[in-house]
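See below for the structure under consideration.
Start at 1 and go down the list; that is how both ligands and their atoms are numbered. Owing to the predicted nature of the structure, the values given are computational and were not obtained by experimental measurement.
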Amino acid sequence: MIKGLFLSFEGIDGSGKSTQARLLADHLRAQGRDVVLTREPGGSAGAEEIRALVLQGDPDRWSAETEILLFTAARRDHMERTILPALADGKIVICDRFADSTRMYQGLSRGDLRAVVDQLHTLMIPRDPDRTILIDMDPTVGLARAKSRNSVEERFEDFGISLQQQMRDGFLALSREFDTRFCVINGMQGIDAVQSDVIAAITPLLP
Ligand code: ADP
Ligand code: TYD
């Protein structure tokens, strides 16, 4: 029997993923459940080091292919050290971004590399989320929210509105491709309304 429950949040920069992942973790912990809240790129010591390599410094530092390898290496370490042990203990893992972000950002933004992303995923990543919450959002609003944060990380938000629109469309296409795994939630609502939709989406999965 597969133990634990693995949930991921996806969406464009500024869509409210981190906010909702945190609120969901608080909600489930208040019910007495054991929750691991984590994020990508990162979520383990080694993967956090890789995060700095891929999100800081010159955006052209890595070729598109090397970048896919780095994100996949970070994910493999995160899986081995954080996600799989927690699931084996029967915990609920909530991950702020996961492999669908690589399918989008590395798979689409620097040429059509989706097949490479998927091949590496099949080889190296042994488990997919049980449910993926896609927070769908107008990129103009998401970008404004994301820009209001000050960060040293060279994020994809810096690529501007047309890439964000491409990512939004791509995430919606992914939600149709993996329609049993994805749940799409309207992110253009207040924080509480989005949270209610998230809770309604995952409650049927809880043990
Ligand atoms: P992401 O992790 O998707 O980039 P965040 O959760 O960090 O997004 O949210 C980006 C910003 O928008 C934060 O300042 C957050 O407080 C704010 N925010 C999040 N959700 C909402 C919402 N539903 N309505 C208005 N502002 C929001
Ligand atoms: P994140 O910290 O989640 O940013 P935000 O809160 O703005 O959504 O992610 C940082 C950046 O990393 C984000 O611009 C998307 C990018 N990213 C990838 O390009 N590929 C990936 O596989 C992941 C997980 C993130």
Closer than 4.0 angstrom, basic N to acidic O: yes or no for Glu48 and Arg39?
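Looking at Glu48 and Arg39, the cut-off is met.
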Does this structure show an ion pair linking Arg145 with Asp138, if we count only N-O contacts that are shorter than 4.0 Å?
no
Any idea which part of [X] is under 4.0 Å from ligand 2, heavy-atom wise: side chain, backbone, both or neither?
X     : value
Leu55 : side chain
Arg97 : side chain
Arg51 : side chain
Arg39 : neither

Considering both backbone and side-chain atoms of Gln20, is one of its nitrogen or oxygen atoms within less than 3.5 Å of a nitrogen or oxygen in ligand 1?
no
For ligand 1 and Arg145, I'd like to know whether there is a polar contact (N/O to N/O, distance under 3.5 Å).
yes
As an exercise, identify every atom of ligand 1 less than 4.0 angstrom from a heavy atom of Thr19.
5 (P), 6 (O), 9 (O), 15 (C), 19 (C)
Quick check: is [Y] connected to [X] through a chain of hydrophobic side chains (ILVMFWY, heavy atoms under 4.5 Å apart)?
X     : Y      : answer
Leu23 : Phe9   : no
Leu37 : Ile133 : yes
Val93 : Val198 : no

Take every heavy atom of Arg22, measure it against each atom of ligand 1, and state whether any distance is under 4.0 Å.
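No; Arg22 lies far enough from ligand 1 that no heavy-atom distance drops under 4.0 Å.
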At a 4.0 Å cut-off, with the gap strictly under it, does some heavy atom of Gly14 reach an atom of ligand 1?
yes
Check the pair Phe98, Phe6 against ring pair (Phe, Tyr, Trp, His ring centres under 6.0 Å), reporting the backbone distance first and the verdict last.
CA-CA 11 Å; Phe98 193 66; Phe6 183 17; 5.0 Å; yes
Measuring from the heavy atoms of Pro41, does anything fall under 4.0 Å of ligand 2?
yes
Close approach of Met104 to ligand 2, heavy atoms, under 4.0 angstrom:
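No, Met104 has no heavy atoms under 4.0 Å from ligand 2.
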Just checking, any donor-acceptor pair under 3.5 angstrom between side chains of Ser8 and Thr132?
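Present: a donor and an acceptor within the cut-off.
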